[in-house]
Amino acid sequence: MQITANNPDRKSWLNVNKGSDFPIQNIPFGVFITKEDIITIGTRIGEYAIDLGAFHQLGYFDGIPLTDDMFMQDSLNDFIADGRKTWRLVRNRIADVFDAENSNLRDNKKHRDIIIFDMNDIEMLLPIDVGDYTDFYSSKEHATNVGVMFRGKDNALMPNWLHMPVAYHGRSSSIVVSGTPIHRPYGQTLPIDETTPVFGPSTKVDMELETAFITTAANNLGEAIPVNEAWEYIFGMVLFNDWSARDIQKWEYVPLGPFLGKNFASTISPWIVTMDALEPFKCESPKQEITPLPYLQQERKDSSYDIKLEAILETENGDLNVLSKSNFKYLYWTMSQQLAHHTVNGCNIRTGDMIGSGTISGPTKNSFGSMLELTWAGKEPIKLKDGTQRTFFNNGDTIILQGSCENENVKIGFGKCSGKILPPRNLN
């Protein structure tokens with residue numbers, strides 16, 4: 001089925017500012033609540049949120065086989081479960097209705113007042129009910145940097161890293177939507193030159209500049225997803241800040257990996273940008289140094305995406321400090337390889353599962369995706385515009401992730417993924 005929604009020449013009758021993340025070619029999906037406390041599934045064009053529940057009730061999806069309540073829910077899970085054909089039909093129809101040449105809704109003020117909201121008048125919610133969450137470790141630059149810090153240059157990459165995409169299972173209940181504040185977590189840490197741990201708030205709260213992809217139901221228990229079919233089961237992507245408490249993590253991670261240092265919070269951007277919208281920005285992924293085993297060998301060369309990523313620190317006085325500029329295309333292991341590896345043992349993937357990329361670092365220092373790397377484990381503090389320094393984050397700091405694709409015709413963006421660090425809660 002042709003993706004007519006991606007037509008780069010299409011304009012909307014809604015006003016879209018130049019450089020917006022959300023032109024009519026994007027049509028992402030999210031969940032929001034109105035001033036009237038109505039929760040609905042929606043999309044966004046420019047600075048307008050479109051209520052797809054009302055859009056459907058008023059007949060604008062006529063001819064597309066959808067259940068009556070498809071968009072009148074508090075998560076996108078049922079819509080995602082309907083599959084790629086439905087996703088494309090819905091995006092194409094929305095693009096047609098909001099096309100500058102289509103007057104049906106444009107000239108119907110009564111319907112417009114019911115369907116269209118200013119973004120300032122709604123509140124974004126978590127777009128999916130996350131069943132399971134897996135975080136990969138797929139950036140060679142990031143894995144190498146961390147390995148050099150803790151094991152030395154000669155042993156930077158573990159022996160398995162170039163042979164398979166390494167991952168761990170994370171905590172889905174603490175995934176929150178952009179704008180949710182994060183309290184500094186408590187845990188055990190081991191002070192330098194000490195043998196006995198202490199308990200208290202983390203002093204090394206860090207970001208991880210990531211993306212994540214959202215799956216539809218893909219396989220039954222015991223079945224594997226072939227690497228060259230994996231893309232069929234990926235609905236879309238979000239920006240993802242997988243917060244880390246480095247001091248807690250360092251003490252606890254042997255032998256089973258991170259626990260309290262990671263499960264206190266993970267932040268995602270509220271709009272899921274579909275893989276169809278990102279199709280024009282496909283590109284080659286890095287050449288793999290070792291030919292992987294057959295189940296990980298991809299036929300398609302354009303298996304990655306040119307998504308520019310940025311991490312910004314906003315201080316309490318409002319100063320914006322760019323910390324990192326990276327790109328999704330740097331990832332060594334692709335999403336298809338991640339999904340194929342995840343299921344090769346028969347693990348079943350369900351609708352609404354979220355798969356994190358792992359920290360996305362590039363080849364230069366200003367493209368590193370964590371403060372652990374940017375400050376080289378705290379040895380090289382970053383000086384901010386207000387004269388203060390950071391090795392890790394202070395209370396009151398807001399971390400903003402941004403991401404977008406752009407060519408000569410169109411820009412497709414994700415909006416913001418932000419979270420403010422609050423002081424630790426009182427345990428007494």
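Below, all heavy atoms of this structure are taken into account, side chains as well, without hydrogens, waters or symmetry copies.
- Here the closest heavy-atom approach between residue L126 and residue V176 is recorded as CD1-C, 3.7 Å.
- Every residue was checked against the side chain to side chain donor-acceptor pair (under 3.5 Å) condition with D353, not counting sequence neighbours, and none meets it.
- The closest side-chain donor-acceptor pair between R350 and N77, if any, does not fall under 3.5 angstrom.
- Under the side chain to side chain donor-acceptor pair (under 3.5 Å) criterion, Q57 pairs with no residue, sequence neighbours left out.
- Residue pairs that meet the salt bridge (charged side-chain N to carboxylate O under 4.0 Å, His left out) test with at least one member in residues 278-289, sequence neighbours left out, are K140-E289.
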Exercise for review: Could you walk me through whether F22 and Y48 pass the side chain to side chain contact (heavy atoms under 4.5 Å, CB included) test, one step at a time?
Suggested key: CA-CA 9 Å; F22 301 100; Y48 298 96; over 6 Å; no
Review point. Please walk me through it: do Q298 and Q288 pass side chain to side chain donor-acceptor pair (under 3.5 Å)?
Key: CA-CA 11 Å; Q298 300 173 115; Q288 298 192 322; 5.6 Å; no
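- Aromatic ring centroids of Y137 and W333 lie 6.0 Å or more apart.
- Proximity of F79 to F29: side-chain heavy atoms (C-beta onward) are separated by under 4.5 Å at one or more points.
- Other residues, nucleotides and ligands place more than 12 heavy atoms under 6.0 Å from the NZ atom of K365.
- When all heavy atoms of T216 and I349 are compared, the closest pair comes out as O-CG2, 4.1 Å.
- In terms of the ring pair (Phe, Tyr, Trp, His ring centres under 6.0 Å) criterion, Y233 has no residue partners (sequence neighbours excluded).
- Using a 4.5 Å heavy-atom cutoff, the side chains of E310 and L401 are not in contact.
- Residue pairs meeting the ring pair (Phe, Tyr, Trp, His ring centres under 6.0 Å) criterion with at least one partner in residues 192-230, sequence neighbours excluded, are Y186-F199.
- The ring pair (Phe, Tyr, Trp, His ring centres under 6.0 Å) check on F414 picks up nothing, with sequence neighbours excluded.
- Checked against ring pair (Phe, Tyr, Trp, His ring centres under 6.0 Å), Y133 has the following partners two or more places apart in sequence or in another chain: F240.
- Every pair tested for salt bridge (charged side-chain N to carboxylate O under 4.0 Å, His left out) that includes a residue from residues 178-200 fails, sequence neighbours excluded, so the list is empty.
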Check your understanding: When you look at S370 and E373, which way does the side chain to side chain donor-acceptor pair (under 3.5 Å) test go after all the steps?
Key -> CA-CA 5 Å; S370 66; E373 298 164 88; 2.8 Å; yes
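- Here the two rings, on F61 and F71, have centers that are under 6.0 Å apart.
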Check your understanding: Given the rule in the side chain to side chain contact (heavy atoms under 4.5 Å, CB included) test, do T343 and N348 qualify, once you have shown the distances and angles that lead to the verdict?
Key -> CA-CA 6 Å; T343 62; N348 53 320; over 6 Å; no
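- At a threshold of 4.5 Å between non-hydrogen side-chain atoms, the residues Y168 and F136 do not count as touching.
- Heavy-atom minimum distance, G362 versus S326: N-OG, 3.7 Å.
- Residue pairs satisfying the side-chain hydrogen bond (donor to acceptor under 3.5 Å, both in side chains) criterion with at least one member in residues 407-416, sequence neighbours excluded, are listed as follows: D21-K411.
- The backbone N or O of S361 sits nowhere less than 3.5 Å from a side-chain atom of H142 that would complete a donor-acceptor pair.
- Atoms NE2 and OG, from H341 and S138 in turn, are 9.5 Å apart once rounded to the nearest 0.5 Å.
- Using a 4.5 Å heavy-atom cutoff, the side chains of L157 and T144 are in contact.
- The environment of CG in L256 is sparse: at most 12 heavy-atom neighbours from other residues, nucleotides or ligands sit within 6.0 Å.
- For the pair T391 and M371, the minimum side-chain heavy-atom distance is 4.5 Å or more.
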Pairs under 3.5 angstrom only: tabulate donor-acceptor contacts from the side chains of residues 260-274 to other protein residues two or more places apart or in another chain.
| from | atom 1 | to | atom 2 | distance (Å) |
| --- | --- | --- | --- | --- |
| K262 | NZ | E208 | OE1 | 3.1 |
| K262 | NZ | E208 | OE2 | 3.0 |
| K262 | NZ | D242 | O | 3.2 |
| K262 | NZ | D242 | OD2 | 3.0 |
| K262 | NZ | S244 | OG | 2.7 |
| S266 | OG | D242 | OD1 | 2.7 |
| T267 | OG1 | W243 | NE1 | 2.8 |
| S269 | OG | L239 | N | 2.8 |
| T274 | OG1 | A277 | N | 3.1 |

Practice item. Determine, stepwise, if the pair N241 / E210 fulfils side chain to side chain donor-acceptor pair (under 3.5 Å). Key: CA-CA 6 Å; N241 184 353; E210 300 191 30; over 6 Å; no
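- Residues V31 and M124 form no side-chain contact, since every pair of their non-hydrogen atoms from C-beta on lies 4.5 Å or further apart.
- The side chain to side chain donor-acceptor pair (under 3.5 Å) check on S174 picks up nothing, with sequence neighbours excluded.
- Residues K250 and K204 form no side-chain contact, since every pair of their non-hydrogen atoms from C-beta on lies 4.5 Å or further apart.
- To the nearest 0.5 Å, atom NE2 of residue H183 and atom CZ of residue R425 are 3.5 Å apart.
- Atom CD of E380 has more than 12 heavy atoms from other residues, nucleotides or ligands within 6.0 Å.
- For CE of M164, the number of neighbouring non-hydrogen atoms (other residues, nucleotides, ligands) closer than 6.0 Å is greater than 12.
- For the pair T334 and Q338, the minimum side-chain heavy-atom distance is 4.5 Å or more.
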Check your understanding: Going through the checks in order, is the side chain to side chain donor-acceptor pair (under 3.5 Å) test met by R88 and T86?
Key -> CA-CA 5 Å; R88 286 188 176 174; T86 297; over 6 Å; no
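- Salt-bridge formation is detected for the pair E232/R84: a Lys NZ or Arg NE/NH1/NH2 atom is positioned less than 4.0 Å from an Asp or Glu carboxylate oxygen.
- The aromatic rings of F55 and F98 lie parallel to each other, their planes meeting at an angle below 30°, with 60° marking the opposite boundary.
- Partners of D206 by side chain to side chain donor-acceptor pair (under 3.5 Å), not counting sequence neighbours, listed by chain and number: R246.
- Heavy atoms from other residues, nucleotides or ligands lying under 6.0 Å from CZ of F150 number more than 12.
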